[in-house]
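Numbered from 1 within each chain, the chains take letters A, B, ... in sequence-line order. Being a predicted model, the structure only gives us computed values, none of them experimental.
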Protein chains: 2
Amino acid sequence: MSRIHHPPPEAFELTRMLHALSDPVRLEVVRSLARNGEQTCAALDGDRPKSTMSHHFRVLRDSGLVETRGERTAHLNRLRREEVEARFPGLLDAVLRPES
Amino acid sequence: MSRIHHPPPEAFELTRMLHALSDPVRLEVVRSLARNGEQTCAALDGDRPKSTMSHHFRVLRDSGLVETRGERTAHLNRLRREEVEARFPGLLDAVLRPES
DNA sequence: TCGCTTGTTCGAATAATCTCGAACAAGCAC
DNA sequence: GTGCTTGTTCGAGATTATTCGAACAAGCGA
């Protein structure tokens with residue numbers, strides 16, 4: 001929690017979001033969130049250190065792709081599908097195709 | 001000329017292409033090519049040094065977004081629209097929207 | 001309270017990217 | 001040939017990303 005800030009859709013920047021999506025680890029996280037809905041950070045690390053994942057989640061949050069809800073001790077992450085779709089229509093669909 | 005290689009669509013990698021698109025200069029180049037068709041490198045530099053633009057064009061080529069045709073002394077660049085669309089449907093449309 | 005769990009933050013090392021001047025290659029005109 | 005133009009390549013510097021251990025904060029249960 002604390003200084004976790006989520007930008008409003010008007011503040012989304014395309015290049016920032018594309019950069020966030022251009023990392024294999026983060027892209028896999030986004031796909032898992034799209035497939036399985038809300039998940040904790042722990043469920044999404046691929047045996048990677050927590051500090052590494054925390055960094056990736058921060059990049060995803062700053063871009064607007066992910067919202068982290070600090071419920072209880074475990075944080076829940078969700079994909080901001082509607083907001084991203086409204087701001088950059090078609091982008092998520094293109095990136096989430098299984099064969100991509 | 002020389003070692004300019006253009007990957008076939010099967011070799012396109014999504015993360016690589018997203019990274020190529022995540023730079024403001026390169027995104028502007030891609031948009032200009034989409035809007036105006038084939039253009040030389042000189043027509044696309046924004047008063048940036050040639051070596052800088054050459055670097056960006058190489059990133060764009062390696063990702064599969066741009067094809068450079070070495071006709072005469074001036075090289076012509078074109079957006080590989082159909083190939084990108086076939087490999088990652090919807091991606092270019094999403095990125096080329098004017099309001100993005 | 002103590003211990004356990006989940007994530008964040010800090011700091012540092014490593015790696016990758018971006019930028020740009022200088023030198024080079026190739027085509028064209030004269 | 002010389003000169004001019006267009007781009008590439010090389011090299012270096014500066015900036016930014018990525019990775020990860022260590023320390024920290026906060027919630028929950030015994």
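- Every residue was checked against the side chain to side chain donor-acceptor pair (under 3.5 Å) condition with B:Glu28, not counting sequence neighbours, and none meets it.
- Between B:Pro9 and B:Arg80 there is a side-chain heavy-atom pair separated by less than 4.5 Å.
- Residue order along DNA chain D, read from the 5' end via each residue's closest nucleotide, puts B:Ala42 first among B:Ala42 and A:Ser22.
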Would you list the protein and nucleotides 11-13 of chain D atom pairs, both N or O, that sit under 3.5 Å from each other?
none

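- Between the C1' atom of D:dT16 and the NE2 atom of A:His19 lies a distance of 8 Å, rounded to the nearest Å.
- The CZ atom of A:Phe57 sits 14 Å away from the P atom of C:dT9 (whole-angstrom rounding).
- Protein atom CZ of B:Arg58 is 9 Å distant from nucleotide atom C1' of D:dT8, rounded to whole Å.
- Counting to the nearest Å, the C1' atom of C:dA16 and the CZ atom of B:Arg16 are 12 Å from each other.
- The shortest distance between side-chain heavy atoms of A:Leu44 and A:Leu33 falls below 4.5 Å.
- With a 6.0 Å radius and a threshold of 12 heavy atoms from other residues, nucleotides or ligands, A:Arg31 has its CZ atom above the threshold.
- Within residues 48-55 of chain B, the residues that have a heavy atom under 4.0 Å from DNA chain C are, in order of number, B:Pro49, B:Ser51, B:Thr52, B:His55.
- Closest approach of B:Thr40 to B:Ala74, counting heavy atoms only: CG2-CB, 4.0 Å.
- Side-chain contact between B:Phe12 and B:Ser63 is absent, with no heavy-atom pair separated by less than 4.5 Å.
- Using a cutoff of 4.0 Å between basic side-chain nitrogens and carboxylate oxygens, B:Glu38 and B:Arg69 are scored as salt-bridged.
- Side-chain proximity of A:Cys41 to D:dT8, D:dT18, C:dT8: nearest is C:dT8.
- Here the P atom of nucleotide C:dT17 and the CG atom of B:Leu60 are 14 Å apart, to the nearest Å.
- In this entry the distance linking CG of A:Leu76 with C1' of C:dG7 reads 12 Å, nearest Å.
- Following rounding to the nearest Å, A:His75 (NE2) and D:dC28 (P) show an atom-to-atom distance of 11 Å.
- OP1 or OP2 of D:dT19 lies within a sub-4.0 Å distance of a side-chain N or O belonging to A:His56.
- Separating the CZ atom of B:Arg69 from the P atom of C:dA26 is a distance of 20 Å, rounded to the nearest angstrom.
- For the pair A:Arg61 and C:dT8, the criterion of a side-chain N or O lying under 4.0 Å from OP1 or OP2 is met.
- Looking only at atom types and distance, the side chain of B:Arg61 has a donor-acceptor partner in the side chain of B:Thr68 under 3.5 Å away.
- Look at B:Arg78 and B:Glu67 and you find a salt bridge, because one of the NZ, NE, NH1 or NH2 atoms lies within 4.0 Å of a carboxylate O, short of that distance.
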